[in-house]
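Okay, so here's the structure we're looking at.
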There are 2 protein chains.
Amino acid sequence: MSEADRAAVAVLRASVLKLGRRLRNQRADESLSPTQLSVLTILVARGAMTPGELARHEKVQPPSMTRVIAGLEERGLVRRDPHPEDRRQITVTATEPAAEVVAESRKLGNAWLAAHLEALSDEELAALRAAVPVLERLAQL
Amino acid sequence: MSEADRAAVAVLRASVLKLGRRLRNQRADESLSPTQLSVLTILVARGAMTPGELARHEKVQPPSMTRVIAGLEERGLVRRDPHPEDRRQITVTATEPAAEVVAESRKLGNAWLAAHLEALSDEELAALRAAVPVLERLAQL
DNA sequence: TATTGTTATACTCTATAACTATA
DNA sequence: TATAGTTATAGAGTATAACAATA
């Protein structure tokens, strides 16, 4: 890896961290946390999953996922049911209103980012668009 | 903005948040926090600045910057001096060992990210490299 | 009055360690 | 013994509100 690459890595890291902090702080108080939204999105898309599966997917520890699920359950967005085969496990399922909440929360949460994207040039937007799948892959490695 | 753009924005946001969480949790316990490292880097590069200037630059609130500076001062990495012109303000200056700490901490902090970049193809790396300046700009808008 | 920095306080998110129930 | 989920606890990082000193 060249010196220029190392510098780029440092800038990438700092930018992701700063941008992440701003995205976290920008969301409305009543909206879902990033992890809550991410979990609910997966559940809406894929159906029931266990807490352990969700924790592995989100790269968080199991106790953190317990809290995330508890928050979603309080709002009536997920249901916890006995696992059909293994009584140690449970299944978490998105409830009927979850799909709409996902759509709405995502819209609100993206508002700040979408607004700031307006300030970018076409070339910058194109570069960003090309990098989005790479960032997505990097985030789940 | 097209529907595809909205979806891309959602993925970008989720990816930045998830990647940011992993980058935060990945650093060693004794290393500097992201904001501490960022502040120290600026001070090493630009010389003395006031807490207010640093807070605006990092997009954090002044009390948060006070804490960041206190942490750096405890480690002997910055010095707080009276401001030469305005006695309400102070100047924050990087000390002699700061430059080396910045280089070392950055190297450690980037290790996880650099290691994971190895898994990407040349095309993905090129896309990422092109997007780094855009992400940097977005982070400081 | 307005501005700068600080102190006091609280909140969100995540982590580790220890516990319970089941396999 | 090993695994899944939970509870208890702690820590990092940031925010808002209130305060002191200075402009």
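Every chain is numbered from 1 and lettered A, B, ... according to where its sequence line falls, protein lines coming before strand lines.
- OP1 or OP2 of C:dG5 lies within a sub-4.0 Å distance of a side-chain N or O belonging to B:Thr50.
- Rounded to an integer number of Å, the gap from B:Leu54 CG to C:dT6 P is 11 Å.
- When the nucleotides D:dA15, D:dG5, C:dG5 are ranked by their closest atom to the side chain of B:Arg80, C:dG5 comes out on top.
- Take the nearest nucleotide of DNA chain C for B:Ile69 and for A:Thr35: the residue whose nucleotide is more 5' is B:Ile69.
- Whole-Å rounding puts the A:Gln61 CD to D:dA4 C1' distance at 14 Å.
- Counting to the nearest Å, the P atom of D:dA4 and the CD atom of A:Glu85 are 14 Å from each other.
- Each of B:Leu54, B:Leu32, B:Val60, B:Val92 was scored for a side chain to side chain contact (heavy atoms under 4.5 Å, CB included) with B:Val39, with one residue passing: B:Leu54.
- The interatomic distance linking A:Met65 (CE) with D:dT3 (P) rounds to 20 Å, in whole Å.
- B:Pro62 comes within 4.0 angstrom of a base, heavy atoms only.
- B:Gln89 comes within contact range of the sugar-phosphate backbone alone, with a heavy-atom separation under 4.0 Å but no base atom that close.
- For the pair A:Glu58 CD and C:dA15 C1', the interatomic distance rounds to 16 Å; values are reported in whole Å.
- Straight-line distance from the CD atom of B:Glu73 to the P atom of C:dG5: 14 Å, rounded to whole Å.
- For A:Asp86, the listed nucleotide lying nearest its side chain is C:dT22; candidates were C:dT22, C:dT14, D:dT22.
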Assess the residue pair B:Val134 and A:Leu125 against the criterion (side-chain contact (heavy atoms from CB on, under 4.5 Å)); give the C-alpha distance rounded to whole Å, side-chain angles, the decisive distance to 0.1 Å, and a yes or no.
CA-CA 8 Å; B:Val134 184; A:Leu125 280 176; over 6 Å; no
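- When rounded to the nearest whole Å, the span between CZ of A:Arg67 and C1' of C:dC13 equals 8 Å.
- Between the CZ atom in A:Arg22 and the NE2 atom in A:His116 there is a gap of 5.5 Å [rounded to 0.5 Å].
- Counting distance only, with no hydrogens placed and no angle test, the side-chain atoms of B:Arg88 and the base atoms of C:dT3 include a donor-acceptor pair under 3.5 Å.
- The shortest distance between the side-chain N/O atoms of A:Arg21 and the OP1/OP2 oxygens of D:dT14 is below 4.0 Å.
- The pair B:Glu73-B:Arg79 does not meet the salt-bridge criterion, since no charged nitrogen lies less than 4.0 angstrom from a carboxylate oxygen.
- Checked by atom type, the side-chain pair A:Thr35/B:Arg21 shows a donor-acceptor distance below 3.5 Å.
- You won't find any donor-acceptor pair under 3.5 Å spanning the side chain of A:Arg24 and the base of D:dT14, going by distance alone.
- Residue B:Ser64 places none of its side-chain N or O atoms closer than 4.0 Å to OP1 or OP2 of D:dT14.
- The nearest whole Å value for the distance from the CG atom in B:Asp81 to the P atom in C:dG5 is 13 Å.
- The residue among A:Arg56 and B:Arg87 whose nearest nucleotide of DNA chain D is located toward the 5' end is A:Arg56.
- The nucleotide whose nearest atom lies closest to any side-chain atom of B:Pro63 is, among D:dG5, C:dT6, C:dA15, C:dT6.
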